[in-house]
Amino acid sequence: MTLTVSLPDGSERTLPAGASAADLATSIGPGLAKASVAALVDGRLRDLSRTLPDGARVALVTRSDDHQDALWVLRHSAAHVLATAVRRVRPGAGIGFGPPIAEGFYYDFAVDEPFTPEDLEEIEARMREVTATATPFSRRRVDRAEAEALFADDPLKLERLAEIPEDEPITVYENEPFLDLCRGPHVPATNEIKHFKLLNAAGAYWRGDENRQMLQRIYGTAFYTRKALKARLHQIEEAKKRDHRRIGEAMDLFSVEEEVGPGLVCWHPAGARIQMELRRWIEDLLARRDYEFVYTPHIANEALFRRSGHLPNYAENMFPPMVDRGPGSGAAAIRLKPMNCPGHCMVFAARPRSYRDLPIRLSEIANVYRNERSGTLHGLLRVRMLTMDDGHLFCTPGQVEGEIFTCLELVRTVMTTLGLSYRFDLSTRPHSGKRIGGDEVWDAAEAALVQALERSGLDYDLDEGGGAFYGPKIDVKFRDAIGREWQGATIQLDFNLPERFELEYIGTDNRAHRPVMIHRAILGTIERFTGVLTEHFAGAFPLWLAPVQVRVLPISDAQQDAADSVRDALREAGIRAETDARSETLGYRIRDGELKKTPYLLIVGQREANEGSVAVRARGAEKKQIVMTAGEFLARVTDERDSRALAP
RNA sequence: GCUCGCGUAGCUCAGUGGUAGAGCGCAUCCUUGGUAAGGAUGAGGUCGCGGGUUCAAUCCCCGCCGCGAGCUCCA
């Protein structure tokens with residue numbers, strides 16, 4: 001008896017019946033056998049030790065820090081080793097879930113006392129004991145009764161067990177002495193896990209449900225090579241150094257004071273400068289694309305938000321009402337706006353609209369106010385007064401694709417200018433019952449988004465069922481300088497608000513039609529975007545965004561006038577320049593300028609003062625400075641600013 | 001909002017049951033220095049807020065507020 005499998009290169013191999021993926025690897029070569037950790041059998045990850053079905057397509061998964069499947073298996077196994085070690089330190093620990101995640105793995109434990117940093121050290125040491133020897137991960141199928149017996153004293157596992165459908169096999173994995181209810185697969189043995197590190201511990205709700213018990217989660221990461229682990233740990237260090245709260249303090253960009261209130265940002269002059277540049281840039285880009293700007297009130301009658309659906313659906317995130325003349329007077333309750341769309345709908349509805357008016361593109365770079373839960377606030381990334389570069393497009397169904405296309409083009413312009421790589425997620429209709437509008441409407445809307453994406457020649461990932469109840473959307477994810485991904489622009493179709501506000505336009509048939517509404521934000525919010533850019537650039541903003549663009553350093557008092565006149569000429573050209581004539585050594589002032597990430601330091605000594613030149617020291621270029629005339633520098637720096645260049 | 005941790009000078013942090021210290025920054029003076037920290041002197045703190053224990057609390061206990069790591073949520 002034999003079985004035949006096909007390999008990724010299209011070739012076929014015949015093996016004795018009952019052969020495993022490990023046997024397959026051995027039959028191909030000892031090197032492959034040694035390098036394999038798991039197998040993809042008909043596209044599904046399997047243990048190396050599982051028998052192969054006849055006719056399967058098999059790809060061996062070899063040790064690699066570049067291969068998601070390989071890392072997935074390793075980290076999943078590392079999670080089991082973590083649980084093994086925790087059970088040694090806390091024998092009674094209940095066991096929740098322990099999956100691999102994008103950058104590592106975690107495991108949740110039900111324990112009486114939370115883990116301390118010292119506990120993590122000890123647990124990690126125990127893990128090293130476990131991985132020092134080759135204890136196999138062995139898979140076993142069990143029936144329900146046996147599984148219930150095995151996990152009789154672990155209520156979390158019993159709960160999970162009860163959810164496994166009758167027709168699904170129940171498997172357990174054991175790396176002695178630890179036994180877990182688990183679908184697998186795993187690496188062959190514990191000694192495969194060589195390069196790992198526990199990172200932190202924190203509470204996590206059982207099953208992510210805030211009404212259920214709080215478990216203690218331990219995060220860690222694991223790789224096949226020491227180099228990759230070191231790179232990851234370095235990335236974590238780098239992220240700490242780039243933390244926008246730290247840089248914001250050092251560069252005096254902003255502050256969040258307890259006395260003002262949590263999640264409320266005071267922008268200092270340097271930070272406000274960055275914000276202003278971003279804002280002007282976006283406004284200019286929008287104006288060129290036929291947007292019109294509006295202002296709508298920051299506070300409004302509650303009735304507006306009742307109509308828009310915010311009060312029934314979004315009240316959690318809205319501040320409580322204010323009443324201007326006291327209760328009982330008949331005065332309306334007033335709310336701070338959490339979004340701009342209701343106001344923009346009112347602008348649209350304020351007069352009759354013809355199809356000739358469409359599309360109408362309204363933009364408002366406005367503050368909105370959201371009563372975010374206190375535990376979610378974080379520097380500039382999550383605040384309670386935020387500034388959206390908001391816009392709402394009102395158009396006919398036939399115009400949707402073209403409008404989306406233009407939005408995508410705008411996204412590309414913004415991301416390219418800032419040197420950010422990005423990708424798109426297309427989120428389609430949620431499951432029926434959780435959406436409004438008929439299937440034909442959704443079909444057309446999704447098709448329009450797909451066509452716009454394809455017309456742009458852009459790749460996208462599909463997030464099926466991820467759309468809002470009121471319409472499908474395209475989300476932009478961009479990657480920063482150290483590889484982290486952030487939510488950027490969002491473009492959302494909305495069939496809901498035009499209904500609620502009874503928006504209409506008169507069509508060519510002289511009858512009223514409902515417009516389609518598109519919500520879109522390109523930066524998202526200025527606060528978050530500034531925070532992310534601060535981390536992306538590590539404070540070294542491109543010249544056009546830098547709060548101070550040029551600092552002029554006279555070598556001694558004798559050159560102060562010369563330095564000031566260079567500074568004044570730069571200012572005349574709209575360059576943000578200042579003189580640093582402090583009574584400190586030149587070395588000190590250069591160091592200070594570099595630490596403040598000033599794009600250009602101009603040194604003016606007697607030589608330069610005599611000949612009308614400046615010694616230009618570009619940020620980070622150290623001693624590779626160039627002497628040029630003040631006029632040459634001015635031309636160069638204005639050009640760099642006007643082109644929004646990323647680097648000199 | 002929840003769990004745990006933290007809260008000392010403008011910033012980063014040390015410290016003690018007997019009302020406090022460093023470095024940086026800041027101020028003044030000296031120094032006028034050619035490419036990443038010149039020197040001296042000085043100011044600056046209700047030790048987050050409120051209770052409690054104690055002869056005595058910045059330190060121990062409780063509550064509140066804020067921050068951090070996560071969870072949940074999300075621009």
Side-chain angles (χ1 to χ4, degrees), chain A residues 106 108 111 113-117 119 199-219 240 243 245-246 248-250 252 255-263 314 316-317 338-340 368 370-390 475-476 486-490 492 519-532 553-560 581-596 601-608 615-617 619-625 627:
Chain A
Y106 67 78
D108 288 341
V111 285
E113 295 289 319
F115 299 105
T116 64
D119 290 334
L199 297 171
N200 57 336
Y205 300 111
W206 168 233
R207 322 218 65 169
D209 182 341
E210 62 185 332
N211 298 312
R212 306 209 50 185
Q213 87 181 94
M214 178 72 72
L215 304 177
Q216 295 303 319
R217 175 172 297 178
I218 297 178
Y219 284 93
K240 274 186 201 156
D243 189 314
R245 292 164 300 182
R246 179 190 291 263
E249 174 70 43
D252 197 17
S255 59
V256 182
E257 303 287 348
E258 187 173 342
E259 196 169 353
V260 178
Y314 200 72
E316 281 283 289
N317 283 314
M339 296 187 193
N340 296 306
V368 295
R370 299 184 183 176
N371 195 4
E372 300 289 348
R373 298 166 81 169
S374 61
T376 63
L377 302 174
H378 181 89
L380 293 178
L381 304 185
R382 196 75 184 276
V383 297
R384 285 185 169 154
M385 187 191 89
L386 43 135
T387 312
M388 299 191 71
D389 65 324
D390 211 355
D475 283 329
V476 178
W486 303 85
Q487 163 75 47
T490 178
Q492 312 182 346
H519 307 245
R520 36 99 298 163
I522 304 302
L523 303 181
T525 72
I526 308 265
E527 287 79 5
R528 177 176 289 182
F529 201 76
T530 305
V532 174
L553 312 185
I555 287 179
S556 76
D557 289 352
Q559 297 90 39
Q560 177 154 6
R582 286 177 296 175
S583 173
E584 300 285 354
T585 58
L586 181 63
Y588 178 94
R589 286 175 288 148
I590 285 172
R591 176 180 152 83
D592 187 60
E594 287 284 355
L595 290 177
K596 292 227 160 63
L601 302 177
L602 304 186
I603 318 295
V604 178
Q606 203 49 52
R607 209 154 55 226
E608 289 80 7
V616 179
R617 191 181 158 119
R619 179 174 56 201
E622 301 192 359
K623 291 180 183 171
K624 285 179 225 142
Q625 63 182 354
V627 178

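Note on naming: letters A, B, ... go to the chains in the order of the sequence lines (proteins, then strands), and numbering restarts at 1 for each one.
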*Asks:* Which atom names give the shortest non-hydrogen contact between Ile603(A) and Glu608(A), and what distance separates them?
*Replies:*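 Closest pair (atom of Ile603(A), atom of Glu608(A), distance): O-CG, 3.8 Å.
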
*Asks:* Measuring only the P atom in each nucleotide, how far is rC4(B) from rA40(B)? A whole number of Å is fine.
*Replies:*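 Taking atom P in both rC4(B) and rA40(B), they lie 49 Å apart.
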
*Asks:* In whole Å, measure the gap between the P atoms of rG15(B) and rG38(B) for me.
*Replies:*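 So the two P atoms sit 30 Å from each other.
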
*Asks:* Mind checking Val383(A) for me? I need base, sugar-phosphate or nothing, with any heavy atom below 4.0 Å counting as a touch.
*Replies:*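 Base contact.
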
*Asks:* With a non-hydrogen cut-off below 4.0 angstrom, is Glu316(A) in contact with a base, only sugar-phosphate, or nothing?
*Replies:*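 No contact.
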
*Asks:* Please state the C1' separation for the pair rC67(B) and rA57(B) - nearest whole angstrom.
*Replies:*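 Per the computed distance, 24 Å lies between those C1' atoms.
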
*Asks:* Tell me, do Met339(A) and Met388(A) make a side-chain contact under 4.5 Å, heavy atoms counted?
*Replies:*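 Not in contact.
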
*Asks:* Can you name the residues that form a salt bridge (charged side-chain N to carboxylate O under 4.0 Å, His left out) with Arg207(A), not counting sequence neighbours?
*Replies:*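 Here the qualifying residues are Glu159(A), Glu163(A).
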
*Asks:* Give one of base, sugar-phosphate or nothing for Arg582(A), where a contact means two heavy atoms less than 4.0 Å apart.
*Replies:*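 The answer is sugar-phosphate, as Arg582(A) gets under 4.0 Å only of primed atoms, P, OP1 or OP2.
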
*Asks:* Represent RNA chain B in dot-bracket notation, 5' to 3'. Only Watson-Crick or G-U wobble pairs with both distances under 3.5 Å count; pseudoknot-style crossings use [ ] and interstrand partners use |.
*Replies:* (((((((..((((....[..)))).(((((.......))))).....(((((..]....))))))))))))....

*Asks:* Heavy atoms under 4.0 Å, any strand shown: does Glu594(A) hit a base, just sugar-phosphate, or nothing?
*Replies:*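 The residue Glu594(A) makes base contact.
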
*Asks:* Could you list the residues that satisfy salt bridge (charged side-chain N to carboxylate O under 4.0 Å, His left out) with Asp243(A), not counting sequence neighbours?
*Replies:*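 Checked Asp243(A) against salt bridge (charged side-chain N to carboxylate O under 4.0 Å, His left out); matches are Arg245(A).
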
*Asks:* How is Tyr219(A) classified with respect to the nucleic acid when contacts are heavy atoms under 4.0 Å: base, sugar-phosphate, or nothing?
*Replies:*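 Touches sugar-phosphate only.
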
*Asks:* Side chain to side chain donor-acceptor pair (under 3.5 Å) with Glu372(A): which residues, sequence neighbours excluded?
*Replies:*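 Applying side chain to side chain donor-acceptor pair (under 3.5 Å) to Glu372(A) gives Arg382(A).
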
*Asks:* Quick one: label Leu377(A) by what it contacts on the DNA or RNA (base, sugar-phosphate, nothing), any heavy atom closer than 4.0 Å.
*Replies:*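 The residue Leu377(A) makes sugar-phosphate contact but no base contact.
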
*Asks:* Report the residues that fulfil side chain to side chain donor-acceptor pair (under 3.5 Å) with Ser583(A), sequence neighbours left out, ordered by chain and then residue number.
*Replies:*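 Here no residue qualifies.
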
*Asks:* Tell me, please, which residues at least two apart from Asp389(A) pass salt bridge (charged side-chain N to carboxylate O under 4.0 Å, His left out).
*Replies:*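 If we apply the salt bridge (charged side-chain N to carboxylate O under 4.0 Å, His left out) test to Asp389(A), skipping adjacent residues, there are no hits.
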
*Asks:* Below 4.5 Å, heavy atoms only, C-beta onward: do Ile522(A) and Phe529(A) meet side chain to side chain?
*Replies:*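 A side-chain contact is absent here, since even the closest heavy-atom pair is not under 4.5 Å.
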
*Asks:* May I ask you to say what Asn200(A) touches in the nucleic acid, namely base, sugar-phosphate or nothing, with a heavy-atom cut-off under 4.0 Å?
*Replies:*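 Sugar-phosphate contact only.
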
*Asks:* How would you list, by chain and number, every residue that makes a side chain to side chain donor-acceptor pair (under 3.5 Å) with Asp592(A), sequence neighbours excluded?
*Replies:*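 Here the qualifying residues are Arg551(A), Arg582(A), Lys596(A).
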
*Asks:* With a 4.0 Å cut-off on heavy atoms, is Ser583(A) in touch with a base, just the backbone sugar-phosphate, or nothing at all?
*Replies:*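 Here Ser583(A) touches the bases of the nucleic acid.
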
*Asks:* If we take the P atom in both rU16(B) and rU8(B), what is their distance in whole Å?
*Replies:*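 Approximately 16 Å lies between the P atom of rU16(B) and that of rU8(B).
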
*Asks:* Take Gly524(A) and Arg617(A), find for each the nucleotide of RNA chain B with the closest heavy atom, and name the residue whose nucleotide sits nearer the 5' end.
*Replies:*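 That would be Arg617(A).
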
*Asks:* Under 4.0 angstrom, heavy atoms only, what part of the nucleic acid is Gly605(A) near: base, sugar-phosphate, or nothing?
*Replies:*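 The residue Gly605(A) makes base contact.
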
*Asks:* Say you pick atom C1' in rG7(B) and the same atom in rG45(B); how far apart are they, in whole Å?
*Replies:*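 About 14 Å, rounded to a whole number of Å.
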
*Asks:* Can you tell me, in whole Å, how much space there is between the P of rC47(B) and that of rU19(B)?
*Replies:*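 My reading of the P atoms in rC47(B) and rU19(B) gives 13 Å.
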
*Asks:* Going by side chain to side chain donor-acceptor pair (under 3.5 Å), name the residues that satisfy it together with Asn200(A), two or more places apart in sequence or in a different chain.
*Replies:*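 Asn200(A): no side chain to side chain donor-acceptor pair (under 3.5 Å) contacts found.
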
*Asks:* Using a heavy-atom cut-off of 4.0 Å across all strands, would you classify Gln216(A) as base, sugar-phosphate, or nothing?
*Replies:*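 Sugar-phosphate: the residue Gln216(A), judged by heavy atoms under 4.0 Å, touches backbone atoms but no base.
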
*Asks:* Of all nucleotides in RNA chain B with an atom under 4.0 Å from a non-hydrogen atom of chain A, which is the first and which the last going 5' to 3'?
*Replies:*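 Contact boundaries, 5' end first: rG1(B) to rA75(B).
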
*Asks:* Which part of the nucleic acid, if any, lies within contact of Glu257(A), taking any heavy atom under 4.0 Å across all strands shown: a base, the sugar-phosphate backbone alone, or nothing?
*Replies:*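 The answer is nothing, as Glu257(A) stays clear of every strand by at least 4.0 Å.
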
*Asks:* Under 4.0 Å, heavy atoms only, any strand: does Arg382(A) hit a base, just the sugar-phosphate, or nothing?
*Replies:*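 Touches a base.
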
*Asks:* Looking only at atom C1', what distance separates rC26(B) and rG10(B), rounded to whole Å?
*Replies:*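 Between the two C1' atoms, the distance is 8 Å.
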
*Asks:* Using a 4.0 Å heavy-atom cut-off across all strands, classify Arg384(A) as base, sugar-phosphate, or nothing.
*Replies:*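 It contacts nothing in the nucleic acid.
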
*Asks:* Could you measure between the two P atoms, the one in rC29(B) and the one in rA69(B), and give it in whole Å?
*Replies:*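 About 43 Å, rounded to a whole number of Å.
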
*Asks:* Contact class for Glu258(A) (heavy atom, under 4.0 Å): base, sugar-phosphate, or nothing?
*Replies:*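 Counting heavy atoms under 4.0 Å across all strands, the contact made by Glu258(A) includes a base.
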
*Asks:* Quick check on RNA chain B: between Asn317(A) and Met214(A), whose nearest nucleotide comes earlier from the 5' end?
*Replies:*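 Here Met214(A) is the residue nearer the 5' end.
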
*Asks:* Does a side-chain heavy-atom distance below 4.5 Å link Gln492(A) with Arg520(A)?
*Replies:*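 Side-chain contact under 4.5 Å: no.
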
